[in-house]
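Let me begin by presenting the structure, written as structure tokens, before commenting on it.
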Amino acid sequence: MEAEDRIHMARALRLAARGRFTSAPNPQVGCVILRAGKIVGEGWHRRAGEPHAERLALQAAGTRAAGATAYVTLEPCCHQGRTPPCTEALLRAGIARVVVAMEDPNPLVAGKGLAQLRAAGVQVRQGVLEEQARALNPGFIQRMTRGLPLLRCKLAASLDGRTALASGESQWITGPPARRQVQFLRARSGAVLTGIGTVLQDDPALNVRLGAEELPGYAAGETVRQPLRVILDSHLRCPPDAKLLKLPGQTLIACSRPDPEREARLITAGAQIYRCPRGGDRVHLETLLRHLAQREINEVLLESGPTLAGAALQAGLVDEIQLYLAPHLLGDGARGLFHLPGLEQMSQRLPLRIREVRWVGADLHITLIPERPS
């Protein structure tokens, strides 16, 4: 039974991953229904408002679901949200056993779904491939448990750790394969965050430039969801003719002090304005991130210069660093990865854990996790 449970949960996890680019703000969830040793139904959650994985699997199984086992990567919901409760559907179909990878961190569920199934006489097992299930939805889990989205910092640098020449010129440090991979990072993110300095220097687009046919979960011809573009702009210096204000999707400008005249110009140009209630002369980054979590954003991609990247890292808000190192040198006068003032002793250094290293074309891609104090 243990081996069989792991095999079918692994299949459910692979199904869940198909929603990586489409399921947000909902989590990625997969479901497999097994009867007499044969898969009779399976499904995965594609988009908020559409049927959950369990309902799609039950629909595929039909009457064969009676007496079967359902493998679900996340605890079935037991509340009325955008769709009806999945626990009711499982009970109505006559499912005899439910195996889940992890409990739903959503306070509206959080064990209640499993308790409801047990109370109805369904055999329940949880914790099968839980680590793999948690890895699928780190942003959703963090938003539900901490009220913060996952903040992923993307950086591209030369081998000597330089992100741009002293003049600010930075196109292009990495090669086409690495730049293409960044498009997938944007596509899975609910928001892309940058600072006003980057906007004034580079006039970036910060959009997803991939077609539906390149992203699993999308149907041919569908419009690819664009992440919310977020600019930290304390004094509303963003030009109304900035490129990112003219593109499909929404742009949110976070400021620290009201300026009705500038706000009006930017709103006319298509921007949304968020007056950050804390931070004095600067936008308080954690307050902004909590605001994004309230907007149901699970993952934020930080693409900025060294000042904002360093501030986020020193504030303990960076959850993951995606670093692309190119095999060339830019020299001492070029700009660094992080601006980290106040580090004067080795005991003050910021430790990172290397999670993965691999080649992307000619560039080295390193995934790092900042180590936080216990």
Query - Flag side-chain contact, heavy atom, 4.5 Å: P227 against V208 - result: yes
Rounded to the nearest 0.5 Å, the CZ atom of R179 sits from the CH2 atom of W172 at a distance of 5.5 Å
* Is it true that a side-chain atom of R225 and a backbone atom of A187 form a donor plus acceptor pair closer than 3.5 Å? -> yes
For E356, is the CD atom crowded, meaning more than 12 foreign heavy atoms sit under 6.0 Å from it? yes
Between P240 and A269 the two heavy atoms that sit nearest each other are O-CB, 3.4 Å
What about V72 and V124, same hydrophobic cluster or not, with Ile/Leu/Val/Met/Phe/Trp/Tyr joined at side-chain heavy-atom distances under 4.5 Å? yes
* To do: Give the cluster check for I253 versus L200: same hydrophobic cluster or not, with ILVMFWY residues linked at side-chain heavy-atom distances below 4.5 Å.
  => yes
Check: Under the side-chain contact (heavy atoms from CB on, under 4.5 Å) criterion, do L193 and L232 qualify, and how do the steps go?
Finding: CA-CA 8 Å; L193 173 64; L232 264 73; 3.0 Å; yes
Tested for side chain to side chain contact (heavy atoms under 4.5 Å, CB included) against V122, the lone hit among L117, L114, L90 is L117
query = Are side-chain heavy atoms of D241 and K246 found at a separation under 4.5 Å?
reply = yes
Heavy-atom closest pair (S304 atom, A309 atom, distance to 0.1 Å) is OG-N, 3.4 Å
query = Distance-only, no hydrogens or angles: does the E75 side chain make a donor-acceptor pair with backbone N or O of G111 under 3.5 Å?
reply = yes
Nearest heavy-atom contact between A242 and C238 is CB-SG, 4.0 Å
By salt bridge (Lys or Arg N to Asp or Glu O under 4.0 Å), R125 pairs with (sequence neighbours left out) E2, D5
Could you check L364 against V357 for side-chain contact (heavy atoms from CB on, under 4.5 Å), going step by step and ending with a plain yes or no? CA-CA 7 Å; L364 197 61; V357 179; 3.8 Å; yes
For L13, the hydrophobic cluster (side chain heavy atoms closer than 4.5 Å, chained through members) also holds M9, L15, V32, L34, I39, W44, Y71, V99, V128, L129, L136
Closest non-hydrogen atoms of A110 and E103, given as atom of the first, atom of the second and distance, are C-OE2, 3.5 Å
So OG of S256 and NE2 of H235: to nearest 0.5 Å the spacing works out to 5.0 Å
Heavy atoms from other residues, nucleotides or ligands near CD of Q272 exceed 12 (cutoff 6.0 Å): yes
Any chance the side chains of H45 and N26 put a donor and an acceptor closer than 3.5 Å? yes
dist R188:CZ -> L215:CG (nearest 0.5 Å) comes out at 12.0 Å
After noting the C-alpha distance and the side-chain angles of R295 and L228, does the key distance pass the side-chain contact (heavy atoms from CB on, under 4.5 Å) rule?
CA-CA 10 Å; R295 293 178 65 139; L228 176 69; 4.1 Å; yes
Examine distances only and state if a side-chain atom of D160 and a backbone atom of L330 form a donor-acceptor pair shorter than 3.5 Å. yes
Practice problem: Would you indicate whether the side-chain heavy atoms of R237 and V199 approach each other to under 4.5 Å? | Solution: no
| Mind checking whether I273 and L236 have side chains closer than 4.5 Å, heavy atoms only? | yes
d(E299 CD, R152 CZ) to nearest 0.5 Å is 4.5 Å
For this session: For E214 and F21, run side-chain contact (heavy atoms from CB on, under 4.5 Å): C-alpha distance rounded to whole Å, both residues' side-chain angles, the deciding distance at 0.1 Å, then the answer.
Result: CA-CA 11 Å; E214 300 174 271; F21 301 107; over 6 Å; no
| said: Quick one about Q116 and T87 (side-chain donor to acceptor, distance below 3.5 Å, no hydrogens or angles considered), yes or no? | reply: yes
Q.
Has D319 got a side-chain atom pairing as donor or acceptor with L151's backbone, closer than 3.5 angstrom?
A. yes
Main-chain N/O of Q345 paired to Q348 side chain as donor or acceptor, under 3.5 Å:
yes
Subject >> Polar side-chain atom of T194 near backbone of I231 as donor-acceptor pair, under 3.5 Å >> reply: no
Practice prompt. Report yes or no: do Q322 and T367 form a side-chain donor-acceptor pair below 3.5 Å?
Written response: yes
Checklist entry - Crowded around R353 CZ? As in, over 12 foreign heavy atoms under 6.0 Å? => result yes
- Is the shortest heavy-atom distance from the side chain of P248 to the side chain of N207 under 4.5 Å? no
Taken to the nearest 0.5 Å, the spacing of R186 CZ from L301 CG works out to 7.5 Å
The side chain to side chain contact (heavy atoms under 4.5 Å, CB included) partners of P177 (sequence neighbours excluded) come to V360
### Side-chain touch P105/L74, heavy atoms, less than 4.5 angstrom
yes
Ignoring hydrogens and geometry, is there a side-chain-to-backbone donor-acceptor pair from D259 to R262 under 3.5 Å?
yes
For the side chain of N106 and the backbone of L108, is there at least one donor-acceptor N/O pair under 3.5 Å apart? yes
Main-chain N/O of A191 paired to R229 side chain as donor or acceptor, under 3.5 Å: no
The reported gap from SG in C255 to CD1 in I196 (rounded to nearest 0.5 angstrom) is 11.5 Å
- Task: Give a yes or no on whether L329 and L337 share a hydrophobic cluster (residues Ile, Leu, Val, Met, Phe, Trp, Tyr; joining criterion: side-chain heavy atoms under 4.5 Å apart).
- Result: no
Of R11, R55, R14, the one forming a salt bridge (Lys or Arg N to Asp or Glu O under 4.0 Å) with E42 is R11
Quiz item: V192, L302: one ILVMFWY side-chain cluster at the under-4.5 Å cut-off?
Solution: no
request  = Using a 4.5 Å cut-off on heavy atoms from C-beta on, say whether the side chain of L350 contacts that of P370.
outcome  = no
Query raised in the report: Are L56 and L91 in one and the same hydrophobic cluster, where Ile, Leu, Val, Met, Phe, Trp and Tyr link if side-chain heavy atoms are under 4.5 Å apart?
Result: no
All heavy atoms of A219 vs all of A212, minimum pair found to be O-CB, 3.5 Å
Tightest non-hydrogen contact, residues C31 and A57, listed as SG-CB, 3.7 Å
Test your reading of the model: is there a side-chain donor-acceptor pair from R64 to the backbone of A60, 3.5 Å cut-off? yes
Q | Side-chain H-bond candidate by donor/acceptor type, Q181 with Y324, under 3.5 Å | A | yes
query = Does some side-chain heavy atom of K154 sit less than 4.5 Å from a side-chain heavy atom of L185?
reply = yes
